[in-house]
Amino acid sequence: MLGIAGAMALVLGIIGIYGVISYAVSQRNREIGIRLALGAQQHELRRMFVISGLALAGIGVAIGLAAVGLTRLVKSLLFGISPLDPLTYAVVPLVLVAAAVLASYLPARRAASVDPVEALRAE
């Protein structure tokens with residue numbers, strides 16, 4: 001049951017990061033058009049949005065790792081593993097960061113493919 005809940009939390013987190021980065025891309029469409037018109041490279045724009053997604057994921061991972069003190073509360077729900085399992089604390093942040101990269105790469109790719117003329121003409 002906890003595995004299903006964890007998987008659902010991961011999916012909701014991916015959707016949340018995708019939504020936030022996608023909204024940021026749509027709000028900064030004019031800025032992206034100006035940057036592209038002035039000669040910014042597409043990989044620089046992708047990197048800019050992926051780094052902002054990684055910052056969000058990093059904050060979440062830091063808060064999650066800081067909550068290690070709360071493991072005593074869920075100790076009765078765990079069967080067969082320790083609440084301070086080092087493998088879990090190493091693998092889960094890596095999976096979350098990889099998911100954040102994937103969730104932020106798609107809107108970043110869309111931002112890099114914006115036509116500068118259309119972006120500036122739209123407003």
Side-chain angles (χ1 to χ4, degrees):
M1 292 301 274
L2 285 176
I4 293 171
M8 291 303 295
L10 178 64
V11 168
L12 287 174
I14 290 171
I15 292 170
I17 290 173
Y18 175 81
V20 167
I21 300 298
S22 182
Y23 180 73
V25 166
S26 69
Q27 292 298 308
R28 296 171 70 179
N29 201 19
R30 184 175 176 97
E31 174 196 347
I32 293 167
I34 292 171
R35 284 179 186 257
L36 286 171
L38 291 176
Q41 300 295 318
Q42 290 184 350
H43 65 88
E44 292 172 358
L45 287 172
R46 281 193 300 266
R47 184 173 0 124
M48 180 176 68
F49 286 107
V50 169
I51 286 175
S52 66
L54 283 175
L56 291 173
I59 291 169
V61 166
I63 291 171
L65 290 176
V68 171
L70 300 175
T71 57
R72 288 178 280 138
L73 299 175
V74 295
K75 188 174 182 176
S76 64
L77 298 174
L78 301 175
F79 300 104
I81 67 166
S82 166
L84 297 175
D85 184 30
L87 181 65
T88 302
Y89 284 108
V91 171
V92 170
L94 293 176
V95 169
L96 291 176
V97 168
V101 168
L102 176 68
S104 61
Y105 179 75
L106 297 175
R109 190 179 68 188
R110 189 180 70 222
S113 66
V114 168
D115 182 27
V117 174
E118 292 298 322
L120 297 174
R121 188 179 298 159
E123 293 194 26

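Nearest approach of A103 to Y18, heavy atoms of both residues: O-CD1, 3.5 Å. Of all non-hydrogen atoms in P116 and G33, the two that sit nearest each other are CB-O, 3.5 Å. Between F49 and A111 the shortest heavy-atom distance is CE1-CB, 3.7 Å. Closest of all the heavy-atom pairs between A112 and L36 is O-CD1, 4.1 Å.
Atoms CD1 and CG, on I14 and L96 in that order, are 8.5 Å from each other to the nearest 0.5 Å. To the nearest 0.5 angstrom, L54 atom CG is 11.0 Å from I59 atom CD1. Considering CZ of R46 and OG of S104, their distance stands at 12.0 Å, rounded to 0.5 Å. Here the OG atom belonging to S22 is positioned 10.5 Å from the CD atom belonging to Q27, to the nearest 0.5 angstrom. Of the inter-residue distances, the one linking I21 atom CD1 with R110 atom CZ reads 11.0 Å to the nearest 0.5 angstrom. A distance of 12.5 Å separates CG in L56 from CD1 in I51, rounded to the nearest 0.5 Å.
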Side chain to side chain contact (heavy atoms under 4.5 Å, CB included) between L45 and I32, worked out: CA-CA 8 Å; L45 287 172; I32 293 167; 3.9 Å; yes

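By the criterion of side-chain heavy atoms lying less than 4.5 angstrom apart, applied directly or through intervening Ile, Leu, Val, Met, Phe, Trp or Tyr residues, L65 is grouped together with V97 in one hydrophobic cluster. L10 is not connected to L12 by any chain of hydrophobic side-chain contacts under 4.5 Å among Ile, Leu, Val, Met, Phe, Trp and Tyr, and they are in different clusters. Hydrophobic clustering places V95 together with V50 (ILVMFWY residues linked when any side-chain heavy atoms are closer than 4.5 Å, directly or through intermediates). Linking ILVMFWY side-chain heavy atoms closer than 4.5 Å, directly or via other members, places V91 and I63 in two distinct hydrophobic clusters. Linking ILVMFWY residues whenever their side-chain heavy atoms come closer than 4.5 Å, directly or via other members, leaves V11 and L102 in distinct clusters.
At most 12 non-hydrogen atoms from other residues, nucleotides or ligands lie less than 6.0 angstrom from OH of Y23.
A 4.5 Å side-chain heavy-atom check between R35 and M48 finds at least one atom pair inside the cut-off.
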